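Notes follow the structure.
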4 protein chains.
Amino acid sequence: MLARKGFHSARVSEIARAAGVADGTIYLYFKSKEDILISLFEGHVGQLNQELRQSVAALPDTSARVAHIVRCQVGSLRRQRELAEVLSVTLRQSNRFLRQFAAPTFSEYLDIVAEVIADGQRRGEVREDISPLVVARALFGALDGLILTWALGRSPAGRLERAALQVAEVFIQGLRPPATS
Amino acid sequence: MLARKGFHSARVSEIARAAGVADGTIYLYFKSKEDILISLFEGHVGQLNQELRQSVAALPDTSARVAHIVRCQVGSLRRQRELAEVLSVTLRQSNRFLRQFAAPTFSEYLDIVAEVIADGQRRGEVREDISPLVVARALFGALDGLILTWALGRSPAGRLERAALQVAEVFIQGLRPPATS
Amino acid sequence: MLARKGFHSARVSEIARAAGVADGTIYLYFKSKEDILISLFEGHVGQLNQELRQSVAALPDTSARVAHIVRCQVGSLRRQRELAEVLSVTLRQSNRFLRQFAAPTFSEYLDIVAEVIADGQRRGEVREDISPLVVARALFGALDGLILTWALGRSPAGRLERAALQVAEVFIQGLRPPATS
Amino acid sequence: MLARKGFHSARVSEIARAAGVADGTIYLYFKSKEDILISLFEGHVGQLNQELRQSVAALPDTSARVAHIVRCQVGSLRRQRELAEVLSVTLRQSNRFLRQFAAPTFSEYLDIVAEVIADGQRRGEVREDISPLVVARALFGALDGLILTWALGRSPAGRLERAALQVAEVFIQGLRPPATS
DNA sequence: TATGAATGAGTATTCATTCAT
DNA sequence: CATGAATGAATACTCATTCAT
C-alpha cells in the first residue's frame, strides 16, 4: 500500500482502510504518519542487524561474510516487493528522517558491515587501501540500486537474487588484497 | 534550496525567492513544480551522458573507463553539494518521476556504462559471468550511496572523491576475469 | 451570503463561516464549490416541480393554472430574497451549469408549464398559433426578469407578488384564442 | 469568444489574441477586463435605445410599437449569437455591473418601453390595471429567456424570430383593455 | 501606439490530526 | 481500545495588470 503509492501519496485514511481500522485508530499505535515509516524502517533494518550480528561471527572468512550480508539484505526483501520500495525509495521522502539518516539503526547496519571489512583487513583477507566504512556505504548503495529498479519493475524475485550475487562476487574479488608476487 | 529543504518541503514561493523572481515567473519556464525537478535531473544527467559518450571511447581499457565514469559522476557533483542532494535524494520523492525511472535519460546513462562493461567482456578484460546492466546499476547505486551520505553530511568534497576512487578500484579489480593459471 | 456576494465573489471560507462550519467540512457535503450552487438549484427547482405536478391537475382551467404557476414560482422565492438572487443571477455564472442549462430539472420545469399550455390548446382555452414551449420559456423569463430586479433592489415582497400577478394576467389574456365572431 | 467561454472563463490574453493584438494593448482601450464587458453592453443596448427612440414615435399604435420593440431587441442579436450570449448570460456575471443593473443604459431601455405602454394607456389601447414598468421588465425578461436558450442551443436564427413574434402577440393581446360591452 | 515578460495577490481544495462518543 | 466526523492549516497555480522597451 504505502509502497504502491509512495509515502507522500499514501493517505492515512488509505493506510487505515488497508489495515482494516478506522483513521483515528492509527494514532493509537503511531505518533504520526511519519512515525509509521520510521517504525517500518527500524523494524526491518533492526531485524536485519540482529540477524547479521548472530550469524556473521560464525562464518569462516570475509568472502563468506560478504556473501551472507548480501543474501540477508536482499533476501529479507525478496518476498515483499512493496516493502522494498518503501525502504529503498520512500524512506528518502521524509526530511525529518533524512536528518536522522545516520540514525542509530542505519549507522548500526553500516558499522556491522564495516566491522566485517575491518576484521578482514586484520586477517589479511581484505586490501588495506580502502576504508571499511566506504565499502559499507558502497555495498549498501549498490544493493539499494538493484533493489530500487527491481521494486519498481516487474522482474521475478529470482532475478534480483542472482543480480545481487553477481554484485557480491564483484565486491569479494574487488576487496581481495592484490596478489603480491 | 531545493536540496536543503527537500522537494516536498520546498515551497514554490521559496524557490522563486531563491531565484530572485516572482512566484508566477517560475511558471513561465517550468510547467509545474515537478517539472523543475525533472528539468534539473535531465539537465544534469544529460550533460553527464554527453560527457561520457565523448570521452569513453578514447580511453585504452576498461579500467581507465570505469575510473573515468566514477570521476565524472562524482566530479560533476563535487562542487554542488545541494544539487547532489536534489538528484540523489529528492528525485525519489516524485511519484511521476519514479514511474519514469527507466526514463530515457537515466536509461541512457545505464546503457553507456553497461556498454563499457560489455565491451570489456568482448576484449577479455571483464569477467563473463556478470551482467553488464547489473554492474551499471550497482556502480550507480554504490556511488549514489556515497554521494547521499556525503551530501547530507559535512565532509569536504575531497573526501567524497577519495571514497569514490576506492570504490572504483574495488569494482575494477572485482570485474577482472579470475586469473586462470 | 452566496447571493449578496455573487457566486464567483463568494469565497468558500466565507460560505463555511456563514454555515458555522470549518472550510473542510463543506467538502463532506459538497463535491466542489460549484456543486453547492447546483445543489441549491436542484433543490429549489425540484421542489417547485413537485409542487406544480401535485396541484396543477386539480385546477379547473388554464387561467387558474397559469396564475398558480406564477404564484408558485414567485411565491417560493418571496421570503428568500437572497436565494432568488442565487437562482436568478448567480446560476448563470457557472459554465458547467450553463452547459446543463437544458438539464433535467430545468427542462422538467419547462415541460410542466408547456404541458399546461398544450392541454389548454386541446381544451380550446389557448390559441393554437403559439408553441407551448415558447410560452414556457417566455413566462419563465418574464418572471425571472421581475425577480432579478426585485432581488437586486429593495422593494418589499408584496410588490413583487403584485407585479407577478399583473404579468400573469397579461399572459392569461394574451393566450386566449382570439374571439371569433 | 467572450461568449463561447463565458466572461469569467475568458482570459484577457485570449481576448487579445482573438483581437489580433498583444495583451497589454487591450489596456490602451479598456480600463479593465470588466470594462470590456460594460462597453459591449453599453454599445449594444445604447444603439438599441437610439434605434427605438427614432422609430417608435412614428408607429401608429401600441401593437405596432410592441411588435417593433420585439423585432429590434431580438433582431439586433439575430446574427450574432455570441453577442447574445454575452449580453444575456455573461452580463450577469459581473458583480460591479449587477450593482449598476439599474444603470443608465438599461434603465433607459426600460423607460422607453414603459413609456410606450404608458402612452398606450393614455390612448386607451392598453389596460390600466398594470404597471408600465412591470410590463417593460417582463417583456425584456421573456425575450431574454428566449434569447438565452437560443444562444446556448443550436436552433437557426429564424426560429428565434418566430418565437419572439409569438411572444409579441401574446403581450399585444394580453395588454389590450378587456372588452367592455 | 504596441508589446509581452514579469508580476504577485488571491483561493479552492486536501488531508493529517483530533476528540467526543 | 476504537471510531470517523469535523477540523483548519497549508500551498501550487492562475491570470489580470503593469511597464520598460
Side-chain angles (χ1 to χ4, degrees), chain A residues 2 5-17 19-37 94 96, chain B residues 2 5-17 19-37 94 96, chain C residues 2 5-17 19-37 94 96, chain D residues 2 5-17 19-37 94 96:
Chain A
L2 260 185
K5 313 217 32 161
F7 184 65
H8 274 99
S9 309
R11 307 301 154 210
V12 169
S13 63
E14 294 173 325
I15 297 174
R17 183 159 359 115
V21 298
D23 293 21
T25 309
I26 294 285
Y27 290 87
L28 296 178
Y29 299 100
F30 300 98
K31 226 173 58 240
S32 67
K33 187 186 172 189
E34 195 161 44
D35 189 44
I36 300 172
L37 194 60
S94 166
R96 196 180 321 176
Chain B
L2 262 186
K5 313 218 31 160
F7 183 66
H8 274 100
S9 310
R11 308 299 150 213
V12 169
S13 63
E14 293 173 327
I15 298 175
R17 182 159 359 118
V21 297
D23 293 22
T25 309
I26 294 285
Y27 290 88
L28 296 178
Y29 301 100
F30 300 98
K31 237 178 38 247
S32 66
K33 187 185 170 190
E34 193 161 44
D35 188 44
I36 300 172
L37 193 59
S94 166
R96 197 180 319 178
Chain C
L2 262 185
K5 314 218 31 161
F7 184 66
H8 274 99
S9 310
R11 308 299 150 214
V12 169
S13 62
E14 293 173 327
I15 298 175
R17 183 158 359 117
V21 298
D23 293 23
T25 310
I26 294 284
Y27 291 87
L28 296 179
Y29 300 101
F30 300 98
K31 236 177 41 242
S32 66
K33 188 184 170 190
E34 194 161 44
D35 189 43
I36 300 172
L37 194 58
S94 165
R96 197 180 319 177
Chain D
L2 262 186
K5 312 216 33 160
F7 184 65
H8 273 101
S9 309
R11 307 301 154 211
V12 169
S13 65
E14 294 173 325
I15 298 174
R17 185 163 353 120
V21 299
D23 294 20
T25 309
I26 294 284
Y27 290 87
L28 297 177
Y29 299 100
F30 300 98
K31 226 174 56 238
S32 67
K33 188 187 171 190
E34 194 161 44
D35 188 43
I36 300 172
L37 194 59
S94 166
R96 197 182 318 179

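All values below were derived from every heavy atom in this structure, side-chain atoms included, with hydrogens, water molecules and symmetry-related copies excluded. Being a predicted model, the structure only gives us computed values, none of them experimental.
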[X] [atom1] to [N] [atom2]: how many Å, rounded?
X	N	atom1	atom2	result
Lys33(C)	dT14(E)	NZ	P	15 Å
Glu14(A)	dA16(E)	CD	P	8 Å
Ile15(A)	dA16(E)	CD1	P	8 Å
Phe30(C)	dA12(E)	CZ	P	15 Å
Ile36(B)	dA12(F)	CD1	P	9 Å
Arg17(B)	dT11(F)	CZ	P	12 Å
Tyr27(D)	dT1(E)	OH	C1'	17 Å
Asp35(A)	dT17(E)	CG	P	10 Å

Under 4.0 angstrom between Arg11(D) side-chain N/O and dA16(F) OP1 or OP2: yes
Indicate for each nucleotide in nucleotides 1-8 of chain F, in 5' to 3' sequence, whether protein heavy atoms under 4.0 Å reach the base (B), only the sugar-phosphate (S), or nothing (-). SBBB-BBB
Inter-residue atom distance Asp23(B).CG - Glu14(B).CD, 0.5 Å rounding: 10.0 Å
Spatial distance of atom CD1 (Ile36(D)) from atom CD1 (Ile15(D)) [nearest 0.5 Å]: 4.0 Å
Under a 3.5 Å limit for both distances, which nucleotide forms a Watson-Crick or G-U wobble pair with dT21(F), could you say? dA2(E)
Testing dA12(F), dT17(E), dT17(F) for proximity to the side chain of Val12(D), the answer is dT17(F)
Closest non-hydrogen atom pair between Asp35(A) and Tyr29(A), with its separation: OD2-O, 4.5 Å
